[in-house]
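Below is a structure I'd like to ask you about.
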Amino acid sequence: MLLTRGFRRAAVPRLARRDMCGAAARRTTASGLVAVAGGGASFHDYDAAITACVERRALKQGRQVHAHMVTARYRPPVYLATRLVIMYARCCALDDARNVLDGMPERNVVSWTAMISGYSQSGRHVEALQLFIRMLRAGCKPNEFTFATVLTSCSGSQSIHQVKQVHSLVAKTNFESHMFVGSSLLDMYAKAGNIQEARRVFDMLPERDTVSCTAIISGYAQLGLDDEALDLFRQLYSAGMQCNYVTFTTLLTSLSGLASLDYGKQVHGLILRKELPFFVVLQNSLIDMYSKCGKLLYSRRVFDHMPQRSAISWNAMLMGYGRHGIGHEVVQLFRTMTEEVKPDSVTLLAVLSGCSHGGLVDEGLDIFDLIVKEQNAVLSIGHYGCVIDLLGRSGRLQKALDLIQDMPFEPTPAIWGSLLGACRVHVNVSVGEVVAQKLLDMEPGNAGNYVILSNIYAAAGMWKDVFRVRNLMLEKTVTKEPGQSWIILDKVIHTFRSSDRLHPRKKDIDAKIKEIYVDIRAAGFVPDLSCVLHDVDDEQKERMLLGHSEKLAVTFGLMNTPPGLTIRVMKNLRICVDCHNFAKFVSKVYGREISLRDKNRFHLLTDGACTCGDYW
DNA sequence: GTAGGGTTAG
């Protein structure tokens, strides 16, 4: 039989077979398949041919082998039919795989699992789970392979109630402590947001490998528990964990969140020393990490040295420039990008938001028009949000309002919020009132909206309305996500919350902040009392403003770093107007550069001015 | 024979 010419399977040890099949396949598929057309092939011929197709993801040849079986009226035994399912599934021909599976008179656990895995790997998680249920109904007992696959689909489909059911099945069959099943299981819990349960599964694993360790670290990272992710990494690393590029990629995500430049550099060094082969994903993480740590030049260095880049690499770099308010670099890099790679929807988002943050209104709008016209791009509400931001920033508030009403999405509070912010900057009462009304209806408990509306009235000198709105606000119960700021000194993270009493050097900080206050008031600083949401007298408001977390962090930085060094402070929310102004004065009076990273962007404050141009 | 963790944006 020419199909497997020069290759005798029985003589080959099992372990070597896979490679031999590959080699045999390369030698035989092209000529062998043609030669086989006339004669009857045996089990071994079919097996070798299918194996070759699986290895090479050769769908066309696979179909030929399958067709050959049909014409030869060869009824494949369970083993061979299963191999066909695997072949089709690996080649992403899921419907063909399913046809073979459905046509099988008998199925075993491998056939079912291969099909489930096919669905799972193509992201068709619901179908994967449905098939798993059919498998159980058919009386087939799942094994560790099945569970590892099904659990992946559980995290993918985010069906919380199925999670528990599958888990209890896993526990019943004693696969909970199987390495693959266990890491799938903990990953599933982590992705469902239940990190405690994920940790419990992880702690119960009798053995741990790189994947299970990475999975649990990634669990913390995905939930934004960056501190915990870093801690756990350090713990596992000193206990001898082996890292690979996925581990580092995950870890870098958390370091980006923390903006921990020192650790970031250290991990980068670790990666270089390991002499890992080139991975685009890992380099992308490095670009993002340096950009979120405020070191855009390092990002660019990584970017420039990449032998290959994906769209994500470009996007990460574009977002970096945008985050730092360097609009012209965004536009320039975008132009270079279009010569090399096809931009995707995230690219457009990056460019638009970059133009907005960098103040390049017309450029941003031009690019938007161009892309919409030329590329028939699929636009998300995020894209509209950016354009509304651009229009708002340039003062074209009515146009922005029209766009909100015309766009094919229901506007979200974030969309209205961005326009309301623009109304405050450009003091537009008429549009502001319309927008605010929408927002107050949608989220009556959000104090921020009342504050901005009252600020608009105040800027327009409409004091009666100011009081009306503030009274309205006090009637509603308001909850706010607690703001916190942090600064990293000597690899120690110092976190501050508003009016924090927990820091061990609280007294020193208080004394220093009062000293600063005197200095900057003398230089012309005026506190913005409208930033205080509570109904208290002005003196109390001033005191509360001084308790804001970003001021505490900046003060702590001023106390503990030598002159000339940039003070780098991070905040989990958008920075407050009064604190922004405070930082401006500090930068001027003390001649210190201050870098403030808020939820959306960097503010680099030098000599009393900020790179955001006071619009954020 | 079938299996687990990862990058930009939100």
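Proteins get letters first, then strands, A, B, ... in listed order; numbering begins at 1 in each. Quick note: numbers below take in every heavy atom, side chains included, and nothing from hydrogens, waters or symmetry partners.
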* To do: Quick one: label A:T82 by what it contacts on the DNA or RNA (base, sugar-phosphate, nothing), any heavy atom closer than 4.0 Å.
  =>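 A:T82: base contact, heavy atoms under 4.0 Å.
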### Task
Name the closest nucleotide to the A:D187 side chain, picking from B:dG1, B:dG6, B:dT8.
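Closest of the options to the side chain of A:D187: B:dG6.
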**Asked** A:Q121 side chain N/O closer than 4.0 Å to the phosphate oxygens (OP1, OP2) of B:dG4?
**Response**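 Yes.
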query = Can a salt bridge be assigned to the pair A:R393 and A:D389 using a cut-off of 4.0 Å between side-chain N and carboxylate O?
reply =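 No, no charged N to carboxylate O under 4.0 Å.
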OP1 or OP2 of B:dG1 less than 4.0 angstrom from a side-chain nitrogen or oxygen of A:R90, does that happen here?
->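 A:R90 to B:dG1 OP1/OP2: no side-chain N or O under 4.0 Å.
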Let's test your reading of the model: under 3.5 Å, does the base of B:dG6 pair with the side chain of A:N244 as donor and acceptor?
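Result: no qualifying N/O pair found.
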- Task: Indicate whether OP1 or OP2 belonging to B:dA9 is found under 4.0 Å from a side-chain N or O atom of A:R323.
- Result: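 Result: yes.
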### Query
Salt bridge check: are A:R208 and A:D203 linked by an N-O gap of less than 4.0 Å?
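Looking at A:R208 and A:D203, the cut-off is met.
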Quiz item: If you check every side-chain atom of A:V281, which of B:dG6, B:dT2, B:dG4 has the closest atom?
Solution: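 Side chain of A:V281 sits closest to B:dG6.
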Q) Of all the choices, B:dG6, B:dT8, B:dA3, which nucleotide is nearest to the side chain of A:I312 once you look at every atom? A)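 Of B:dG6, B:dT8, B:dA3, B:dT8 is nearest to the side chain of A:I312.
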Distance test, side-chain N/O of A:K292 to OP1/OP2 of B:dA9, below 4.0 Å: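 Affirmative; the distance criterion is met.
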Worksheet item: Which part of the nucleic acid, if any, lies within contact of A:S183, taking any heavy atom under 4.0 Å across all strands shown: a base, the sugar-phosphate backbone alone, or nothing?
Response: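 Base, at least one base atom sits under 4.0 Å.
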Can we say A:D95 and A:R124 salt-bridge, meaning some charged N sits less than 4.0 Å from an Asp/Glu carboxylate O?
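Yes, charged N to carboxylate O under 4.0 Å.
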OP1 or OP2 of B:dT8 versus the side-chain N and O atoms of A:R309: is any pair under 4.0 Å?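 Checking B:dT8 against A:R309, no side-chain N or O comes under 4.0 Å of OP1 or OP2.
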* Asked: Which nucleotide, B:dG1, B:dG5, B:dG6, lies nearest any side-chain atom of A:A215?
  ->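 Taking heavy atoms from C-beta onward, the closest nucleotide is B:dG5.
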*d(CD1, A:I50; P, B:dT2) in whole Å*: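 It is 13 Å, rounded to the nearest whole Å.
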Does a side-chain N or O of A:S117 approach OP1 or OP2 of B:dA3 to a distance below 4.0 Å, or not?
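Yes, such a contact exists.
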Any donor-acceptor pair, under 3.5 Å, between the side chain of A:T214 and the base of B:dG5, if you only look at N and O atoms?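 Looking at the base of B:dG5, it does pair with a donor or acceptor on the side chain of A:T214 (distance under 3.5 Å).
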Please tell me which of the listed nucleotides, B:dG5, B:dG6, B:dG4, lies nearest to the side chain of A:T210?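 Side chain of A:T210 sits closest to B:dG5.
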- Message: Can you say whether a donor on the side chain of A:T250 sits under 3.5 Å from an acceptor on the base of B:dG6, or the other way round?
- Response: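 There is none.
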message: Can you tell me if A:K599 touches the phosphate of B:dG10, counting only side-chain N or O atoms and a distance under 4.0 Å to OP1 or OP2?
response: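 No, outside the criterion.
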Measure from the side-chain heavy atoms of A:I86 and tell me the nearest of B:dT2, B:dT8, B:dG4.
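Selected nucleotide: B:dT2.
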Check your understanding: If we require ring centres under 5.5 Å and near-parallel planes under 30°, does A:F180 stack on B:dA3?
Key ->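 Stack criterion not met.
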Practice task
With A:R83 as the cation and A:Y46 as the aromatic partner, state whether NZ or CZ is under 6.0 Å from the six-membered ring centre and within 45° of the axis.
Solution key: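 No; the conditions do not both hold, so A:R83 does not lie above the ring face of A:Y46.
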Is the shortest distance from a Lys or Arg side-chain nitrogen in A:E127 or A:R134 to a carboxylate oxygen in the other one below 4.0 Å?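 No, A:E127 and A:R134 are not salt-bridged.
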(request) State whether the distance check finds a donor on one side and an acceptor on the other, under 3.5 Å, for side chain A:S212 versus base B:dG5. (result)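 Such a pair does not exist between side chain and base.
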